[in-house]
Amino acid sequence: MPKDLRTEKYISQYQITLKRMELANKGTMLNPCPPFFRNEEVSSDAISSNYFVGYGFKKNLLYVQQAIILYCLGIKL
């Protein structure tokens with residue numbers, strides 16, 4: 001997050017919190033795109049909640065991104 005947006009006003013308006021997650025549809029998962037920072041983009045209570053998919057969920061993200069790039073370039077393996 002750019003330094004000029006790291007203000008209490010901005011964070012209070014846009015931060016994903018547990019309270020906001022509780023307003024979401026049933027079965028909603030919190031899967032923030034890295035890098036994200038605790039208590040900036042996502043609150044600690046949201047990360048500690050059952051909504052958060054966990055860090056292990058991201059382990060294959062690099063492979064997915066590489067597959068998308070290969071597909072876009074027309075490269076078939």
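Values below: every heavy atom of this structure, side chains too, minus hydrogens, waters and symmetry copies.
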Next item on the list: Decide side chain to side chain contact (heavy atoms under 4.5 Å, CB included) for Ile47 and Tyr55; before the verdict, give the C-alpha distance in whole Å, the side-chain angles of both, and the deciding distance to 0.1 Å.
Entry: CA-CA 10 Å; Ile47 292 172; Tyr55 296 99; 4.1 Å; yes
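- Counted within 6.0 Å of CG on Asn60, heavy atoms from surrounding residues, nucleotides or ligands total more than 12; the atom is thus considered enclosed.
- In this structure, CD on Gln66 lies 10.0 Å from CG on Leu61, to the nearest 0.5 angstrom.
- The aromatic rings of Phe36 and Phe52 stand perpendicular to each other, their planes meeting at an angle above 60°, with 30° marking the opposite boundary.
- Side-chain contact check for Leu30 versus Val53: every heavy-atom pair is 4.5 Å or farther apart.
- Counting only distance, with no hydrogens or angles, the side chain of Ser48 and the backbone of Ser44 share a donor-acceptor pair below 3.5 Å.
- Checking side-chain atoms of Thr28 against main-chain N and O of Ala24 turns up no donor-acceptor pair under 3.5 Å.
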Note to self: Walk me through whether Lys76 and Tyr71 qualify under side chain to side chain contact (heavy atoms under 4.5 Å, CB included).
What the structure shows: CA-CA 7 Å; Lys76 297 181 194 273; Tyr71 176 82; over 6 Å; no
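- Follow the hydrophobic side-chain contacts under 4.5 Å out from Ile75 and you reach Ile69 in the same cluster.
- Considering all non-hydrogen atoms of both residues, Leu77 and Leu70 come closest at CD1-CD1, 3.7 Å.
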Next item on the list: Would you please test Glu41 and Gln15 for side chain to side chain contact (heavy atoms under 4.5 Å, CB included) and show each step?
Entry: CA-CA 5 Å; Glu41 298 90 350; Gln15 183 184 61; over 6 Å; no
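- Here Phe37 contributes atom CZ and Arg6 contributes atom CZ; the two are 7.0 Å apart, rounded to the nearest 0.5 Å.
- Ser49 and Leu18 get closest at one heavy-atom pair: CB-CD1, 3.7 Å.
- Environment of CD in Glu8: sparse, with no more than 12 heavy atoms of neighbouring residues, nucleotides or ligands closer than 6.0 Å.
- The line from CD of Glu40 to OH of Tyr10 is 11.0 Å long, rounded to the nearest 0.5 Å.
- In this structure, Met21 and Thr17 have side chains that are not in contact, with every pair of non-hydrogen atoms separated by 4.5 Å or more.
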